[in-house]
Amino acid sequence: MMTSNILLKAQKPVSYSTELPIPDTKKEGLAGHYSIIIATVIMAIWAISLILLMTINLEQVNIFFILVAMLWQTFLYTGLFITAHDAMHGAVFPSNIKVNHFIGSLCLTLYGCLSYQKLLKKHWQHHKNPASESDPDFHNGKQKNLLSWYFHFMKNYWSWKQILTLMLIFNIIVATLHTPENNLKYFWIFPSILSSLQLFYFGTFEPHREPKEGYKEPHNSQTISRSVWLSFLTCYHFGYHEEHHEYSNVPWWELPKVYKWKRES
């Protein structure tokens, strides 16, 4: 029932803050069209890349190629999750919330058979209570170091049902499509795991660990300032985390503009 209420609330169209003097972010319809195009491109590139990598004979390529391809797929997996995250804020297609939520759900299914409704509920809890006991993304007060916090974080999002489902899909693909197991491991399984580390480190650990001077209310988050390209490569601009919490309906690709505007105003 609670999840249904959250989804009903999420169906209300969102509008970008009128305080932002940024042409694209002030025009919800225009930004919405850009967002759905970007989301479609990310999903398409992920799918095409994965299909092509499944056909490669790994015995004929060197280890450097395999590592680069794994990192490439990791980056695309992160893009799938970031797209789903934007959908949770109604930012993928603001003018049609059903399409918006469908894309978010599809991205999480492709990412790792994750439940969109479950993550939507937890993500709203995170935004309401960042870096607190009520924040499902936060540590438990004891496991504050990187790895302990990561495993505590993952327990809230992964289940045996999802793991068994992925194992079943893996075996079906091998048995019916005769896809080499190593290709699936290197370009489907490992990138998904590495992506979860990337998302956790740059999207949760860095911006939400307590700074020396203490948290800054109300968002209890901090921006990690990097060049625009490095910000994009690390985690689709999620280093601009204070800006995301303050203007949570702004899509990921507009966060650099928000960051620049805040610094110049």
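Everything numeric here is computed off the predicted structure, so don't read it as measured data.
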I want to check something: taking the side chain as every heavy atom from C-beta on, are [X] and [Y] in contact at a cut-off of under 4.5 Å?
| X | Y | result |
| --- | --- | --- |
| Y240 | P256 | yes |
| S134 | K128 | no |
| K185 | F190 | yes |
| M167 | L164 | yes |
| I173 | E181 | no |
| E242 | Q222 | no |
| D135 | Q125 | no |

Any side-chain donor-acceptor pair under 3.5 Å between [X] and [Y]?
| X | Y | answer |
| --- | --- | --- |
| S225 | Y259 | yes |
| Y111 | S195 | yes |
| H123 | H89 | yes |
| S221 | H208 | no |
| Q198 | T74 | no |
| W253 | S35 | yes |
| Y77 | W188 | yes |

Just say parallel, tilted or perpendicular for the rings of F200 and F205, cut-offs at 30° and 60°.
tilted

Could you label the plane-to-plane angle of the H241 and H245 rings as parallel, tilted or perpendicular, counting under 30° as parallel and over 60° as perpendicular?
tilted

How close do [X] and [Y] get, counting heavy atoms only, and between which atoms?
| X | Y | value |
| --- | --- | --- |
| N220 | A131 | CB-CB, 3.6 Å |
| H85 | F238 | CE1-CZ, 3.0 Å |
| G104 | A84 | O-CB, 3.5 Å |
| I51 | T55 | O-CG2, 3.4 Å |
| V228 | H237 | O-CE1, 3.2 Å |
| F187 | A69 | CE2-CB, 3.5 Å |

Quick one: does any side-chain atom of D137 pair with a main-chain N or O of T204 as donor and acceptor, under 3.5 Å?
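Such a contact is absent between D137 side chain and T204 backbone.
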
Can you tell me if N129 uses its side chain to pair, donor with acceptor, with the backbone of S132 under 3.5 Å?
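Side chain of N129 to backbone of S132: no pair is present.
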
What's the separation between atom CG in L110 and atom CG in L50, rounded to the nearest 0.5 Å?
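Those atoms lie 9.5 Å apart.
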
Measuring from N100:CG to S105:OG, what's the distance to the nearest 0.5 Å?
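Reported to 0.5 Å precision, the distance equals 11.0 Å.
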
Centres of the F75 and F232 rings: under 6.0 Å?
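Yes, the ring of F75 comes within the 6.0 Å limit of the ring of F232, centre to centre.
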
Candidates L255, T83, L199, I42 - the one meeting side chain to side chain contact (heavy atoms under 4.5 Å, CB included) with Y236
I42

Should K257 and E243 be marked as a salt bridge (charged side-chain N to carboxylate O under 4.0 Å, His left out) after you check the CA-CA gap, both sets of side-chain angles, and the distance that decides it?
CA-CA 10 Å; K257 289 185 178 181; E243 288 73 20; over 6 Å; no

